[in-house]
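So that the names make sense, note that chain A is the first sequence line, chain B the second, and so on, each numbered from 1. What's counted below: heavy atoms across the whole structure, side chains too, no hydrogens, waters or symmetry copies. Being a predicted model, the structure only gives us computed values, none of them experimental.
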Amino acid sequence: MDGLSAERAVLEGAISSELAEVFRVLADTDLGSGPKYPAQLLRALSRTVASRAYGKPMLELCHLMRIAAAVGGRHGWPGLVFGVPVARAAALRALVQKGADSNAAYSGLELIDDGVTLTYPDAAFHVTYGRMAFLVALAELLVTALGYRAIDEVVQELLEALFESASASRHANRLSRLFYDYLKDHLSTAQSLRVFASLIGFLERDRGQSFSLDDLDDDAVFDYWSAVTTGQTDGVDMWGFRSVLERVATLRSAIEEATERHALGTPRSIGPDRSSGEVDPDAILSVLEAHEDPADDLSVLQTKPAAAVKLLTGREMADLTVLSTLGRQAPTLALSVLRAETLGVAQGRVSQALRRRAEPDVVSGLLDLSGCETYGDRLARWHDLDARMKRMALAALAVLIEAGRVEAAREVLAHLPSADLTGLRDRVPEAAGANVVALRPARAPDIVGALQDRTLVGEDVADLVDEARRSLKGLSRAGFQPKDRLTPSVGDGLSVGLPVLRRLRSALVAVLRRAESQVPAADVDGRFLEDSRRFAIGLRALYGVGE
Amino acid sequence: MTDKLRVVIPTTDGPSLVRRITPEDPSLRSVICLAGTPTLLPVSAAYDAFVRRPTGVVERDVGHRVFRIDVSAAIDEGDSWQLGLYLAHRLKQADRLAEDDEPAAGIVWASGSVDIDLQVGPVTRLADKVRQSADVFGGDLPVLAVVPAGAERHLPPEVDPLPVSTVGSALEALDLTARRVSRPPRRRIGVRSLVLAGLLAGVGWFVWPDQVAGPSINPESLDPATFRPEAISFDVVEYRSAAGGECEAEGRVVDPAQETPAGICAVGFRAVNGGDQPARMWLYASVQGTFREYASRKRYTELADGFLEIGEAGEAVVHPPEWVRRPVIVRGILVLAATEAPQVDDAMVAIDLMSVGQIDILIDGLRTLGFEVRELRHRIVPAS
Amino acid sequence: MTRTWQDFTDPERETARQLFVALTASTSMAAVVEPGATPRPAPYTGRSISQAWHAIVSGRPLPSDVEAAGLALEDLSALLDRASVAAVPRQAAAATDPSVAAARTGRGVTIRLAPSRSDVSQTYVTLEFDDRGMAAGRLIALRPDGAMTEIALPTPVEGAVQLLVSDDDPALVFLADTDCRIYLV
């Protein structure tokens, strides 16, 4: 995400600057062990808030508060919620167990495997440590937004109420109401609805009343942007090509989802109160999750444990940002991604130049798109990036092999899905059935050693391992140097980061292929010139600078 | 020629001179401070235990339970300071401790632990302490080195060695065996109480009582049957600001019912014994009003207590905040008895911590118990 | 066959509309939490309640005032109260009574101020715990204007801690101020 994204988010009016600040505070919270809330966790939280699907989480939170109060000792619930250094399952498990050991008064709670079970007289409720991480983030969000006393008051009443599941529901409703009232002022739908209306209106005018999902294509993005910049359509303060692209992708997802629900014959089940047009928040949440998960990948690489290994440089990540943000819509709008990375970047330079009051001739040059990266340049850059990502994936495989990590077998299968690794079966510790790739995050030197045995794994696999070794040579990025390779943090980082790298590469390749199919090599320069001319007209119209 | 002595506590880092001993409010804990600063030495807790009954010996032997000692250098650990500090307390009690810059006839250099029976115990690393005290031993003043018996071999030839197995031997050598109690135990809290023997004769002079040995009290002279509290006068004295911002040295008795012009820098409450027998007196003065400026280095309360000899005067002086331009009430409370009264002692120990309402209740209670209690309130305007 | 927008029923359109709104809002929030998404002003204090809590209970330096902590005064006060082993509330009503500042009793502790007879410019601060087994690492004082100060506390002896402070020590001004709330953490 570029440096202006947060401001843009606020400017676009979806969330208030205060709510943005609340999320920023959570993102910046660091108790000395790195960010307390991993970016993915906050993404999940933002989805829950955006979809207003916090009803069930509030109920879970009330149960967690009972647990936290019991294990927090003298400090009460803040001891766990504020005291846990990082919102991760392992850290929460450790704190809960420590608290349980030192607090004798612990009736009704039982630590079971992956979490804590509360056995109320009227029901039982289980909260896993993994879920606790999310709930702790939710609690901190509530406290940051609404104030400590406001939340503590409800929690204290909950704790003083009868130990029964029903009281948790009552107090969860109170928390939900408090948050609902807060979001009324801080999570605005008005601006987004105007953008929605503007896009739909444009499509109805330009493509006719019977436009369909297929009409939300690259042409629609460019045409809408042109219409906005030349004043033919009210873009609701949305002038950036990339913003338009993201909104069209969002609209695609929204209509796609509504269409799919129709196809499933469940269009009416989505809303609990169809007549008033309400939509089930949980249904919205599930859409958000499906839509945005791919966009989390870059942040996964930048946070622990994956951040221990530099699988991608900052510039490489920047090159993947747009397509990553678009998620599953990226291949469909591949040409628009190409435009955003070239012409869209040039637009950004114009607005920056105007903002810093650059000389007119400088601005004029930028408006003429002089120095703008061409489609050919960008496609070549994507090919280079693809090659580098492939090399990094292979080098990472070599590191896993060198470190004796069992994940190496998984990676081999990812590179060579048809590889026959049954020869390794006998070497899997406590081999579980036919599943050769027992993905234990542990050292398995026997398996890894066997991966290099041509007689056991075959030529293809052995060649792959050789290639991986060659890729590793001379690589000096963090995690790939000889001194790093055997450290557990690097192995753990690769375990998480490599599948992500693979997904990102697949997304890149999908966009690349689609873009090249739309703009054949022979047409690439001509298409760029054509688009540039049209884009420059939009820019001059938008920024009010005459010919 | 002074008969006062300095006391030096040797440590392996060098000698530490006892600069001052001050009886503190009994509600506190005894402390050892570094050279007049608020820095408490780590041995303070051990020193408190050494002073306080039932573990300590100092309270038992000198009659007061809480002290602050200021020393010139740090004493970090161990208990070899006990002998020196015990002797310092006894010298102080006998008014023979040379404090601050007072001239001294000699130095007591003492190292040894002291148990509850005043047996002196051995110390470690005495040779190091001796080596670090070379400047003390080579100075102008004669040094009496008090050490546990058997340790004298570590001492240099120029010092006068006094090996002891009990504190008693040291007290004897210092001529401290008879407790030099000049009067019944008395406490003062930063008091500007004064011995004003010549007042009735019209000659006023102020003397800090801690610096003079008071006249002895004959216990037989304390007779409740013949005690006449009405023979003791109780007045308000105003002190005005003099040139240069100083407070004038001599105040004047005023009518407490009359408000006088602004510019009062201090107010005293003065009791004068015009009777024919000594009287036990507790005299408390306080400024009523906001306490926000507590840290202003001014005292807003004072307690003077002790025996008032025939013809003697006692006075407690408080300094109202000088920047206040509105009237301030200053309150004086005088409690009188023919003899010692522990219940009044106990009450007065805590009076600084009482609210105005609690003090009113205290006064009623003391009157119920038969004590003579008098009270004066005076309105003044401090700032001129 | 692809359905057209015209084919959508009103509830379906509403579904699409609400999904669009939620996706937009989610993207907006995600933009904020992206690692390194937005440059933060330096030094950035934030207003993380976790960090405030962590500073309070772990003995780390506290912000100098409520503004620096980024929390509302009453929230910070409540947080300090929760973290503390003992606390003394403000006693503004009795501010005109000098003796109130000299001895204040609260939850689990009595705090007394007494001048040193040896040097009236120094004051003893005594904390007497109701529970003699209680201990606190530091005293935190919070003024109504949001200013904060702290004093490191030594190990209690027989349930009490005694300090000696110079009258020019700002901490004493806080302690003598009956409007000040005091927390032992």
Given side chains that start at C-beta, do those of [X] and [Y] come closer than 4.5 Å, heavy atoms only?
X: A/D215; Y: C/W5; value: no
X: C/W53; Y: A/V81; value: no
X: C/L71; Y: A/Y148; value: no
X: C/V21; Y: A/F196; value: no

[atom2] on [Y] to [atom1] on [X], rounded to 0.5 Å:
X: A/I255; Y: C/T15; atom1: CD1; atom2: OG1; answer: 12.0 Å
X: C/T27; Y: A/R43; atom1: OG1; atom2: CZ; answer: 7.5 Å
X: A/L193; Y: C/Q18; atom1: CG; atom2: CD; answer: 8.5 Å
X: A/L288; Y: C/S26; atom1: CG; atom2: OG; answer: 4.5 Å
X: C/I49; Y: A/L141; atom1: CD1; atom2: CG; answer: 12.0 Å

Please report the closest heavy-atom contact between [X] and [Y], naming both atoms and the distance.
X: C/R60; Y: A/L31; value: NH2-O, 4.0 Å
X: C/T24; Y: A/S192; value: CG2-OG, 3.7 Å
X: A/I15; Y: C/A25; value: CG2-O, 4.3 Å
X: A/A254; Y: C/L23; value: N-CD1, 4.3 Å
X: A/I284; Y: C/A22; value: CG2-CB, 3.3 Å

| message | Looking at A/D30, is its backbone amide N or carbonyl O close enough to the side chain of C/Q51 to form a donor-acceptor pair, meaning the two atoms are under 3.5 Å apart? | response | yes

| task | Say whether, by atom type as modelled, one donor and one acceptor occur between the side chain of A/R74 and the main chain of C/A83 under 3.5 angstrom. | result | yes

Tell me, for [X] versus chain C, whether the close heavy atoms (under 4.5 Å) come from the side chain, the backbone, both or neither.
X: A/Q156; value: side chain
X: A/V84; value: neither
X: A/L19; value: side chain
X: A/L199; value: side chain
X: A/E204; value: side chain

| task | Against chain A, label C/A78 side chain, backbone, both or neither, depending on which of its atoms sit under 4.5 Å from a heavy atom there. | result | both

| message | Please classify the contact of C/S77 with chain A as side chain, backbone, both or neither, using a heavy-atom distance under 4.5 Å. | response | neither

| note | One option among A/V49, A/I200, A/D214 has the most heavy-atom pairs under 4.5 Å with chain C, and it is A/I200

| query | When only pairs under 4.5 Å are counted, which of A/P85, A/A197, A/P78 shares the most heavy-atom pairs with chain C? | reply | A/P78

| request: Indicate whether any N or O donor in one side chain lies under 3.5 Å from an N or O acceptor in the other, for A/T29 and C/S48. | output: yes

| message | Assess, by modelled atom type and distance only, whether the side chains of C/S50 and A/E140 contain a donor and an acceptor separated by less than 3.5 Å. | response | yes

| Of all of C/R82, C/Q6, C/H54, C/E74, which one pairs up most often with chain A through heavy atoms under 4.5 Å apart? | C/R82

| task | In sequence, state the C-alpha distance, the side-chain angles, and the governing distance for C/M29 and A/L187, and then conclude on side chain to side chain contact (heavy atoms under 4.5 Å, CB included). | result | CA-CA 10 Å; C/M29 280 180 265; A/L187 185 61; 3.9 Å; yes

